[in-house]
Amino acid sequence: MQLKIYNSLTAEKEIFKPILEGNVGMYVCGPTVYSNVHLGNVRTFLSFDFIYRTLMHLGYKVRYVRNITDAGHLTDDGNVDNDRFVKQTRLEKLEPMEIVQKYTVDFHKVLDMFNLLPPNIEPTATGHIVEQIELTQKLIDTGFAYESNGSVYFDVLEYNKRGLNYGELSKRNIEELFANTRDLDGQGEKKNPQDFALWKKASPAHIMRWNSPWGEGFPGWHLECTAMSTKYLGETFDIHGGGMDLKFPHHECEIAQGKACNGAAPVHYWMHANMLTMNSQRMSKSTGNYILPMQLVTGENDFFEKSFHPSIVRFCFLQAHYRSVLDISNDAMIASEKGFLRLMEAVKVLNSITPDDNRQSEFSLIEWKKKCYDALTDDFNSPILIAHLFEAVKYIFALNDGKETISTADLEELKSTLNAFIFDVLGLQTVEENNNEKLDQTLKVLIELRNQARKSKNFELSDQIRDKLLAEGIELKDGRDGTSYVLN
Ligand code: AMP
Ligand code: ZN
């Protein structure tokens, strides 16, 4: 079985050859922890969780590193995010690391809800300042970077003069880049507008700052990933992933930094996950077209008619290939729910099938299994894999109806293969039947009892109901249209 991976660098599907046989080093750019992750972010992390699970299922020993951006991105050379961070800090009167902690905890909670496996190493940018200063110094020493007014910039023109090619990943031509960019943020410090910050001088208002040979400042976002991936995976490693929007400039800069530092390409296979859109518009905080993962799960939002179990969301995401744009809408979620429930019903039904060793079946388990693995190893094609799983579902229901037959050995194999695909590789989880509906009904009864208590002025009881529910993480909210609840 040969695994093929679409490499964004070559724009081709290539046969995967790990550097060390049987082992995979994989780095994925993590979240910026200055606000809650939205569902679009979750899609990217979920795509790589599926890839991680598949690699392990195929027998690879994987070291999966996914960082936490708690410094660099907030302090990129554009300073935009940094300003936002400063404002929010004042607004909420929180320490920067308190914000970082709050949203890191939220990030872990959200990913856990969707059954994502934790990476093997989750390094933070603030925990690797020393490594970033060392890399910056190395780039200055080798002539790839220069200091300017307390900041240090990567010299893109110098990089290209030495026969290297800035723009190789995003297929951008450096001359065009120079022609089309105006230097709005370098304040004249840069030699060229395309030069990017490795280290940035901190203004007096800047809260996150460290001492360096160039004065007090903070590291550039691109450098943190180079520092951490090199530290934990080596100067050259197998797979680097992230969302499509990180190709340029972030990953382009990582390639330049890696090549300039070590004289070799840092990554063999660049993988980019495509975007999540909602009602045909890209999900993004800045446009307001976004939904927080919890809002989809509780149903507390203006976009969907009902709530959806996290496993149904996961199933919906995996019904699209990681390189395709995925649009979610109310109809798409309802269709996914139907498919998911049928798949889970088949898993249940399979346990009650009685084998028959005397009759031959039309269904070839060997061929079916091969088709599933072909899909999985063809650049992690989850929608095709799921389509094949539904062939097995059809067979299982035919077995249940007595229209098909299966031998004892095949039954065991079908059970173990199906379970492995559904639970280990796709990472789906069973949903307790009507669990959500039952909880909803129960809470409505409690809300009604509280209303009655209030009407009869029994405030002790009504407050007790509210407080006890709150202690269990269920918050009642009194609004103009009555009382609703939020699961915290
Ligand atoms: P950020 O915290 O902004 O650095 O984003 C974390 C990850 O989410 C990155 O890999 C982004 O590429 C990815 N991302 C951002 N928006 C979307 C979206 N609408 N769909 C899928 N992935 C996204
Ligand atoms: Zn990164």
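Each ligand, and each atom within it, is numbered from 1 in the order the structure gives. Values below: every heavy atom of this structure, side chains too, minus hydrogens, waters and symmetry copies.
For ligand 1, the atoms closer than 4.0 angstrom to any heavy atom of Phe45 are 6 (C), 7 (C). Annotation for ligand 1: atoms under 4.0 Å from non-hydrogen atoms of His38 are 16 (N), 17 (C). With ligand atoms numbered from 1 in the order given, ligand 1 contributes 10 (O), 12 (O) to contacts under 4.0 Å with heavy atoms of Gly243.
For an aromatic pair to be called close, the ring centres must be under 6.0 Å apart, and Phe48 with Tyr27 fails this. Aromatic rings of Tyr322 and Phe50 (six-membered ring for Trp) have centroids beyond the 6.0 Å cut-off, not under it.
Note: Tyr52 and Tyr64 have tilted aromatic rings, judged against thresholds of 30 and 60 degrees for the angle between ring planes. Using a 30° and 60° split on the angle between ring planes, His57 and Phe421 fall in the tilted class, from 30° to 60°.
Distance alone, capped at 3.5 Å, is enough to place a donor-acceptor pair between the Ser336 side chain and the Ala332 backbone. Remark: the backbone N or O of Phe303 is paired with a side-chain donor or acceptor of Asn301 at under 3.5 angstrom.
The shortest N/O to N/O separation between Leu246 and ligand 1 does not fall below 3.5 Å. For ligand 1, the polar-atom distance check finds no N/O of Cys29 at less than 3.5 Å from any of the ligand's N/O atoms. For Met244, no nitrogen or oxygen atom sits less than 3.5 Å from a nitrogen or oxygen atom of ligand 1, counting backbone and side chain alike. At a 3.5 angstrom cut-off on N or O pairs, Met275 does not count as close to ligand 1. No N or O atom of Arg43 sits closer than 3.5 Å to an N or O atom of ligand 1.
The shell of residues lying under 4.0 angstrom from ligand 1, judged by heavy atoms, includes Pro31. Distances from ligand 1 to the non-hydrogen atoms of Tyr290 include no value under 4.0 Å.
Each of Thr298, Asn36, Val42, Asn41 was compared with Pro293 under the side chain to side chain contact (heavy atoms under 4.5 Å, CB included) criterion, and only Val42 meets it. A side chain to side chain contact (heavy atoms under 4.5 Å, CB included) with Val37 holds for exactly one of Leu111, Leu292, Thr44, Asp106; it is Asp106.
In the displayed structure, Arg63 atom CZ is contacted under 6.0 Å by at most 12 heavy atoms of other residues, nucleotides or ligands. Shown here is Lys61, whose NZ atom has no more than 12 heavy atoms of other residues, nucleotides or ligands within 6.0 Å.
Less than 2.8 Å away from the Zn ion (ligand 2), the protein contributes these N/O/S atoms: Cys29 SG, Cys225 SG, His250 NE2.
Distances from atom 1 (P) of ligand 1 to the heavy atoms of Leu39, Thr277, Val42, Thr32 put Thr32 nearest. Among Val33, Leu326, Asp245, Ile68, the residue whose heavy atom lies closest to atom 12 (O) of ligand 1 is Asp245.
Looking at heavy atoms from C-beta onward, Phe308 lies in side-chain contact with Val313 at the 4.5 angstrom threshold.
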Legend entry - Test ring-ring contact (aromatic ring centres under 6.0 Å, His included) applied to His222 and Phe196, step by step: CA-CA 9 Å; His222 314 309; Phe196 55 89; 5.5 Å; yes
